[in-house]
Amino acid sequence: MLIAQLSDPHVRPRGRLYQDVVDSNAQFAAAISAVNKLDPRPDLVLLSGDLVDHGRDEEYEMLSELLAAVKVPLLAIPGNHDDREAFRRAFAGRPWLPASGPIDYVVGDGGAVRIVAVDVTLPGLHHGLVGVEKAAWLDSVLSSDPRRPTVVMMHQPPFDTGIPYLDLYSCREGQRLADVVRRHPQVERIVCGHVHRFMQMRFGGTMLCTAPSTTTAIALQLRPEALPASHVEPPAFLLHHWRPETGLVTHFLPIGVFPGPYPFA
């Protein structure tokens, strides 16, 4: 099973730039085109939050127009820049979408890998939280199918990255999540967005990775006094490839036109 993960496109109203610098809509369209051109084409696309920049209906209208080009099934969760109810309106009619409350759901009929979407966002705030009820829900969901390879998708990552201005807005109570996941070895990967960078680490007895953004990259600055900054680096996405003999392998794919292909000896 092939799963493409796109994250943090920060779609803007038509003709508006992201942070007055980047055409995030064009870059997201390029990302979708890159996914559609993969051979073999992915079985599923995951959108791991911050789909739009300000949670406005006009941005979701633009998002819907862009997503119409996606040629495979897609699943999405909101990020801190999304508005949960506007998000719900934008994805109305999708069978995975809850009718109310957080956007938590399970999809197990799309292929070999089960997807568990966990909405850790807190409306009006930028950080996330794994509360007691959320952890209990996830534990119950994972217990219901203990042998099925599973990917858990969330927006804010539940760890400190070492980048000071990112760690203000992480997902809090990450240890509670780690304790749940450690009880369920079928969890192949926890995939997150939010940080506009690719990172990976061991977490809760499994692997956790964050996806790059299709817009800008948050600057990698590890000094405690570092000031917030971002760069217009090549946008990218992740491709998760599950096979019975290997489990889940995650690839980082930059988006763009590059020299090649050349013969490989």
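Side-chain atoms are counted along with the backbone in the values below, which use heavy atoms only and exclude waters and symmetry mates. Nothing here was measured: the structure is a model prediction, and the numbers come from that model.
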Are [X] and [Y] packed together at the side-chain level, in the sense that at least one heavy-atom pair is separated by less than 4.5 angstrom?
{"X": "I115", "Y": "L46", "value": "yes"}
{"X": "R94", "Y": "Y105", "value": "no"}
{"X": "L238", "Y": "I3", "value": "no"}
{"X": "L47", "Y": "I77", "value": "no"}
{"X": "H240", "Y": "C209", "value": "yes"}
{"X": "L74", "Y": "L67", "value": "yes"}
{"X": "V232", "Y": "V21", "value": "yes"}
{"X": "E58", "Y": "P13", "value": "yes"}

For [X] and [Y], which heavy atoms make the closest approach, and how far apart are they?
{"X": "A34", "Y": "F237", "value": "CB-CE2, 4.0 Å"}
{"X": "F252", "Y": "A236", "value": "CZ-CB, 3.4 Å"}
{"X": "H10", "Y": "T215", "value": "CD2-OG1, 4.1 Å"}
{"X": "R41", "Y": "V35", "value": "CG-O, 4.3 Å"}
{"X": "G55", "Y": "A86", "value": "O-CB, 3.7 Å"}
{"X": "L208", "Y": "P158", "value": "CD1-CD, 3.5 Å"}

Main-chain N/O of [Y] paired with [X] side-chain donor or acceptor, under 3.5 Å:
{"X": "S140", "Y": "A136", "answer": "no"}
{"X": "Q5", "Y": "C192", "answer": "yes"}
{"X": "T161", "Y": "I163", "answer": "yes"}
{"X": "R148", "Y": "G108", "answer": "yes"}
{"X": "D160", "Y": "G162", "answer": "no"}
{"X": "R88", "Y": "P98", "answer": "yes"}
{"X": "S7", "Y": "P212", "answer": "no"}
{"X": "H196", "Y": "I218", "answer": "no"}
{"X": "E188", "Y": "P149", "answer": "no"}

[X] side, atom [atom1]; [Y] side, atom [atom2] - distance, nearest 0.5 Å:
{"X": "F159", "Y": "L166", "atom1": "CZ", "atom2": "CG", "answer": "9.5 Å"}
{"X": "L51", "Y": "Y60", "atom1": "CG", "atom2": "OH", "answer": "6.0 Å"}
{"X": "E173", "Y": "L129", "atom1": "CD", "atom2": "CG", "answer": "6.0 Å"}
{"X": "D53", "Y": "L63", "atom1": "CG", "atom2": "CG", "answer": "12.0 Å"}
{"X": "T216", "Y": "D8", "atom1": "OG1", "atom2": "CG", "answer": "8.5 Å"}
{"X": "D57", "Y": "M62", "atom1": "CG", "atom2": "CE", "answer": "14.5 Å"}

Could you go step by step and tell me if L239 and L38 meet the side-chain contact (heavy atoms from CB on, under 4.5 Å) rule? CA-CA 10 Å; L239 186 68; L38 290 173; 4.1 Å; yes
Which of parallel (below 30°), tilted (30 to 60°) and perpendicular (above 60°) describes F91 and W96?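 Aromatic pair F91/W96 classed tilted.
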Determine, stepwise, if the pair Y18 / N25 fulfils side-chain hydrogen bond (donor to acceptor under 3.5 Å, both in side chains). CA-CA 9 Å; Y18 172 63; N25 297 353; over 6 Å; no
Ionic contact status for [Y] with [X], cut-off 4.0 Å:
{"X": "R12", "Y": "D23", "answer": "no"}
{"X": "E59", "Y": "R56", "answer": "no"}
{"X": "R176", "Y": "D179", "answer": "no"}

Does Q186 form a side-chain contact (heavy atoms from CB on, under 4.5 Å) with R147? I'd like the steps, not just the answer. CA-CA 6 Å; Q186 79 272 25; R147 294 182 177 84; over 6 Å; no
According to a hydrophobic-cluster definition based on side-chain heavy atoms being under 4.5 Å apart (Ile, Leu, Val, Met, Phe, Trp, Tyr only), do V191 and V195 belong together? no
Treat each ILVMFWY residue as a node, draw an edge where side-chain heavy atoms are under 4.5 Å apart, and state whether M153 and V72 are in one component. yes
When you look at R189 and T250, which way does the side-chain hydrogen bond (donor to acceptor under 3.5 Å, both in side chains) test go after all the steps? CA-CA 9 Å; R189 195 79 84 249; T250 295; 3.3 Å; yes
For H126 together with H81, are the ring centres under 6.0 Å from each other?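 Yes; H126 has its ring centre under 6.0 Å from that of H81.
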Close aromatic pair by centroid cut-off 6.0 Å: H127 and Y169: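 Not close enough - the centres of the two rings lie 6.0 Å or further apart.
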Can H194 and N80 be counted as having a side-chain donor-acceptor contact under 3.5 angstrom?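 H194 vs N80: donor-acceptor pair found between side chains.
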Are side-chain N/O atoms of H155 and D119 paired as donor and acceptor at under 3.5 Å?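 Their side chains do not contain a donor-acceptor pair, so the 3.5 Å distance test is not met.
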Q19/S230 under side-chain contact (heavy atoms from CB on, under 4.5 Å): CA gap, chis, key distance, verdict: CA-CA 11 Å; Q19 296 183 344; S230 60; 4.0 Å; yes
Return yes when atom CZ of R84 has more than 12 non-hydrogen atoms of other residues, nucleotides or ligands closer than 6.0 Å, and no otherwise. yes
Only one of K134, R182, R183 clears salt bridge (charged side-chain N to carboxylate O under 4.0 Å, His left out) with D139; which?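 Output: one option passes, namely R183.
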In this structure, which one of V180, V116, V152 forms a side-chain contact (heavy atoms from CB on, under 4.5 Å) with V141? V116
Could you walk me through whether V107 and R114 pass the side-chain contact (heavy atoms from CB on, under 4.5 Å) check? CA-CA 6 Å; V107 173; R114 189 181 190 220; over 6 Å; no
